[in-house]
Structures are given as structure tokens and as C-alpha cells.
Amino acid sequence: MWALVIGALVIISITHWVYRWRNPRCINGKLPPGSMGLPLLGETLQFFSPNTSSDIPPFIKKRMKRYGSIFKTSLVGRPVVISTDPDLNHFIFQQEGHLFQSWYPETFTEIFGKQNVGSLHGFMYKYLKNMVLNLFGPESLKRMLNEVEQTTNRNLQHWSTQNMVELKESTARMIFDLTAKKLISYDGNNSSENLRENFVAFIQGLISFPLNIPGTAYHKCLQGRKKAMKMLKNLLQERRANPKKEQSDFFDYVLEELQKQGTFLTEEIALDLMFVLLFASFETTSLAITLAVKLLTDHPLVLKELTEEHERIVRNRENADSGVTWKEYKSMTFTFQVINETVRLANIVPGIFRKTLRDIQFKGYTIPADWAVMVCPPAVHLNPAKYEDPLTFNPWRWKGIELNGGSKHFMAFGGGMRFCVGTEFTKVQMAVFLHCLVKKYRWNTIGGGNIVRTPGLQFPNGFQVQIMEKDNGEKGTA
């Protein structure tokens with residue numbers, strides 16, 4: 001008898017718990033529509049499900065059609081409101097630090113570190129942002145421009161001697177080596193340990209289901225981070241033991257900050273910052289460059305106009321062999337149109353997360369305090385109401401439009417006070433690469449180029465090309 005009573009109570013308790021999971025309470029209003037999925041798991045599996053579409057991710061598109069531009073779900077055990085609404089997105093970015101603050105799932109902080117710049121707020125975030133601008137700000141980039149061009153030319157020349165180049169891998173290696181040199185004076189050719197190998201292992205599991213079991217991509221990701229952090233810590237300790245007389249890289253700048261009396265910087269924060277900078281600087285940019293080359297290959301008219309712009313820059317020089325100047329870089333109007341259109345279609349960042357600091361009322365819905373909110377850039381960038389034929393690669397749509405930050409309809413580099421501080425560095429890398437490529441080289445596609453989103457952009461089979469120097473007087477064609 002008692003066994004039946006206890007069994008009934010257990011069933012009732014479980015049923016009540018499941019009901020509460022699927023129907024969360026909202027005291028001060030009405031929650032957005034949507035499904036919370038399975039208990040604990042939510043709709044995480046559907047969110048991470050791979051797809052080959054360049055359109056709005058099926059997970060998002062299906063729910064937009066069913067629920068509208070604002071809907072609720074549950075990801076990795078957390079209730080989340082997903083916004084594809086330009087007005088709500090703009091409101092979220094404008095109210096950073098007041099009604100919302102930066103937030104990412106627990107799995108994200110495990111990967112990037114609990115003291116990573118994306119998880120810090122207020123004064124500490126501004127402090128780190130100013131530190132990063134010391135490296136990636138316009139004045140620093142002006143001094144770095146020549147080195148970026150020399151590095152690109154050297155690599156393109158080397159690639160042109162090979163029968164086949166894996167473009168994503170090769171550009172990632174090129175950018176990583178340059179960034180690691182600027183950050184920590186790291187030279188992979190003269191190091192006993194390969195720092196980048198750890199980042200490759202890290203990247204493979206970065207956007208995967210967060211199951212920390214040996215053999216899973218997520219576990220390999222965490223192991224890659226652990227090894228990379230150990231190397232960075234050893235490098236920091238070596239630099240402390242043998243300080244340089246003059247500041248030569250970002251590590252020297254960080255060490256100076258750590259030694260200041262009353263500094264807010266800790267070694268843990270400094271190492272997490274280094275880790276994020278190394279990752280963000282090369283992985284996202286190499287994806288964008290690879291996609292740009294693929295799109296140029298498929299759109300010869302775009303390539304023709306891009307080539308003409310860079311040939312015109314060279315013709316207008318007193319010395320055709322002199323390097324790119326900052327003035328020339330800023331004059332690359334069509335190049336920036338190509339870059340804007342590439343990153344719009346790339347949607348490398350599938351979601352930007354925030355957390356509500358209090359109950360938010362918006363368009364008849366309430367988002368409760370402490371709920372997560374995910375802004376969905378792909379839904380914004382592929383909105384047919386804003387972009388005619390949104391899946392078409394059309395750089396001319398950006399003609400006459402100057403972008404100095406994020407907007408309601410363009411957030412490839414974030415928005416609000418957390419607009420990516422490395423945006424200009426990314427644009428320099430892409431513009432200089434395209435300049436060096438189209439003025440002197442042509443290429444053929446060998447294989448790969450297929451895109452999968454999980455939900456971030458990936459080239460699972462790579463993108464293999466053959467790069468060849470142009471004959472004298474030959475115009476730029478793929």
C-alpha cells in the first residue's frame with residue numbers, strides 16, 4: 001500500500017516538475033511564445049544540429065514562422081529569449097549595463113575562462129578594452145600595416161609555388177603567427193612547442209554539444225584550452241624572470257600593468273585576455289577571408305571591379321612597388337563593400353548573449369529578470385525586408401553607406417558599448433589580403449568550399465585552391 005502511495009507521489013512530483021519546466025512562471029506579464037523542450041536538455045540538440053543552408057538557421061527560421069520575431073526556448077539548461085527583432089536588438093545593445101549585461105552559457109566560460117573579457121562588466125570591461133585598443137587601435141594599426149602586407153606577400157608567394165593550398169588552414173596559420181608575434185613575440189619556427197596546435201584542438205569543439213566526456217569534441221576543446229593556457233603561463237613566467245629593457249609586445253605592456261601599484265589586473269585575467277585575443281584574431285578572420293575568396297570565385301563581375309580598384313591604387317603611386325599606405329587603405333571603397341557583404345553572409349557569430357538585470361517589458365511581452373537573451377545576427381542580416389535578395393552576394397548594396405559601428409540591421413561585429421574592438425584589425429587583414437591577392441595573383445578552385453553551420457560557420461572539407469602569379473598585363477580573374 002505504502003509503495004503505491006510513494007510511487008504515486010513520485011509520479012505526481014515528476015509530472016509537476018515537467019509541467020513547470022515546460023510552462024515557466026511570469027509574475028509581471030506574459031512570456032514570449034515558444035517551447036522549452038525537454039527537461040534540462042531543452043532544445044539544445046536542435047540548436048546545435050548541423051545544416052548546410054546559408055539562410056537563417058532552420059532552428060531559428062522554423063520558430064520565427066511559428067512564434068514571431070521574439071520567442072522563448074531553453075539552451076544548455078537555461079531559459080533563453082531569442083530575438084530576431086531589430087528594435088529589441090537595438091534596445092538590448094543601448095541598455096548594456098543598465099537593463100542588460102553581457103552573459104554567456106556556463107560552457108562558454110569554461111572554454112574562454114571565468115575572467116574572460118566577455119564575462120566582465122563595468123569598469124573592468126572598459127579597463128581591458130582600453131588595453132586591447134593599445135594593440136588594435138588605429139594608431140597601432142597604422143604602424144602595423146606594412147608588416148601585415150609583407151607577411152601576406154610572403155605567404156602568397158610561397159603558396160604560388162605549391163600545387164594546392166588549403167586556404168582556411170593557410171590563412172589561419174598566417175594570421176595566428178602574425179598576431180602571436182605581436183602579442184607575445186611567439187615564433188612557431190623557433191619554439192619547442194606548437195601553440196597553434198592547441199588552438200586547433202580547441203576550435204574543433206568550440207561550437208559543439210557541451211558533453212565533457214573523453215572522446216567528445218567538447219572534451220578535446222577543454223583539453224586544448226588547458227594546454228594553451230599552460231604554455232601562455234610558462235611564457236609569462238619566463239618573461240617575468242627575464243624582462244626586456246624596452247616594451248616590444250603586448251606581453252610587456254601586460255607585465256607593466258601587473259607591476260603597477262593598485263592595479264586591477266590579475267594574472268588570471270591577463271592570461272584569459274591573451275587566450276581570447278589569440279583565438280578571436282585569427283579564427284574569425286581566416287573564415288571571413290576564405291568565404292570572401294569563394295564568393296569572388298563565384299562572382300567574376302565583383303572580382304573584376306575589386307581588381308580594378310587595386311590596380312588603380314598601384315597606378316596612382318609614385319613607386320608601384322611601395323607598400324600600402326593608411327590613406328590608400330582608407331580609399332578602398334569597393335573593398336569595404338566586399339568585406340561588409342562577406343561578413344553579412346558569413347554570420348560567423350550565430351548568437352550574441354545578454355542577461356536581463358530586471359523584468360523587461362517589450363512589445364507586450366515580459367522577459368523576466370535573470371533570463372538570458374540571445375540576439376540572432378543571421379536573422380537580421382538575411383531579413384528580406386531590409387536586404388533585397390538577402391542570400392545574393394551583392395557588394396553594390398553597400399554603395400554610399402558608411403559603417404562606423406553596429407546598427408539595427410548590421411551587427412557582424414556586435415553592437416553598443418561592446419562593439420568588437422578588433423573590428424579595424426579584421427578589416428585591415430582582409431583588405432590587405434585582397435589587395436595583395438588580386439593585384440598579382442589568380443587562382444583556380446581545386447576542391448572543398450562546402451559550408452556547414454553547427455551553428456557557427458565551418459568548412460568541413462576545407463577550401464583547396466591553386467594560386468598562380470599573373471602574367472604581365474593579365475587582368476585579375478579567378
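In this text, all values refer to a predicted model and were calculated from it rather than measured experimentally.
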Which value, rounded to the nearest 0.5 Å, describes the distance between [X] atom [atom1] and [Y] atom [atom2]?
| X | Y | atom1 | atom2 | answer |
| --- | --- | --- | --- | --- |
| K230 | L235 | NZ | CG | 12.5 Å |
| I82 | F353 | CD1 | CZ | 7.5 Å |
| I352 | I92 | CD1 | CD1 | 9.5 Å |
| I60 | R63 | CD1 | CZ | 7.5 Å |
| S286 | F176 | OG | CZ | 11.5 Å |
| K182 | E147 | NZ | CD | 4.0 Å |

Min side-chain heavy-atom separation [X]-[Y] under 4.5 Å:
| X | Y | result |
| --- | --- | --- |
| L382 | N347 | yes |
| E469 | Q157 | yes |
| E96 | R354 | yes |
| F459 | L291 | yes |
| T333 | K399 | no |
| M274 | L183 | yes |
| C376 | S83 | no |
| L277 | F250 | yes |

Check the pair I313, S331 against side-chain contact (heavy atoms from CB on, under 4.5 Å), reporting the backbone distance first and the verdict last. CA-CA 9 Å; I313 287 172; S331 76; 4.1 Å; yes
Under a 4.0 Å N-O cut-off, is there an ion pair linking [X] with [Y]?
| X | Y | answer |
| --- | --- | --- |
| D298 | K294 | yes |
| D55 | R453 | no |
| R143 | E139 | no |

Taking the side chain from [X] and the backbone from [Y], do they hold a donor-acceptor pair closer than 3.5 Å?
| X | Y | answer |
| --- | --- | --- |
| T179 | L278 | no |
| R397 | E388 | yes |
| D85 | L88 | yes |
| Q101 | K355 | no |

Should the ring pair W159 and F433 be called parallel, tilted or perpendicular, given that the plane angle runs from 0 to 90° and is split at 30 and 60? tilted
Relative to the ring of F334, is the ring of W396 parallel (under 30°), tilted (30 to 60°) or perpendicular (over 60°)?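 Ring orientation of W396 relative to F334: tilted.
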Applying side chain to side chain donor-acceptor pair (under 3.5 Å) to H409 and N383, what does each step give before you reach the verdict? CA-CA 9 Å; H409 304 289; N383 181 0; 5.4 Å; no
Exactly one of H435, E305, H310 should register a side-chain hydrogen bond (donor to acceptor under 3.5 Å, both in side chains) with T335. Which one does?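 Exactly one candidate clears the test, H310.
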Apply side-chain contact (heavy atoms from CB on, under 4.5 Å) to I184 and L232, showing your working. CA-CA 9 Å; I184 56 178; L232 288 174; 3.9 Å; yes
Between F410 and W398, does the ring centre distance come in under 6.0 Å?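 Here the rings of W398 and F410 have centres that are less than 6.0 Å from each other.
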Do K304 and E308 pass the salt bridge (charged side-chain N to carboxylate O under 4.0 Å, His left out) test, and can you show the C-alpha distance, the side-chain angles, and the key distance before you say yes or no? CA-CA 6 Å; K304 181 175 181 292; E308 288 172 353; 2.7 Å; yes
Looking at Y387, is R344 sitting on its ring face, NZ or CZ under 6.0 Å from the six-membered ring centre and within 45 degrees of the normal?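 Yes, R344 and Y387 form such a contact.
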Please determine if R78 forms a cation-pi arrangement with W103, meaning its NZ or CZ atom is less than 6.0 Å from the six-membered ring centre and no more than 45° off the ring axis. yes
Within a reach of under 6.0 Å around CG of N316, are more than 12 heavy atoms found that belong to other residues, nucleotides or ligands? yes
If we ignore angles and hydrogens, is there a donor and acceptor under 3.5 Å between the side chains of Y329 and E424?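 Looking only at side-chain atoms, E424 and Y329 do form a donor-acceptor pair, the distance falling under 3.5 Å.
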Test Q429 against T285 for side chain to side chain donor-acceptor pair (under 3.5 Å), laying out the working first. CA-CA 8 Å; Q429 290 276 0; T285 307; over 6 Å; no
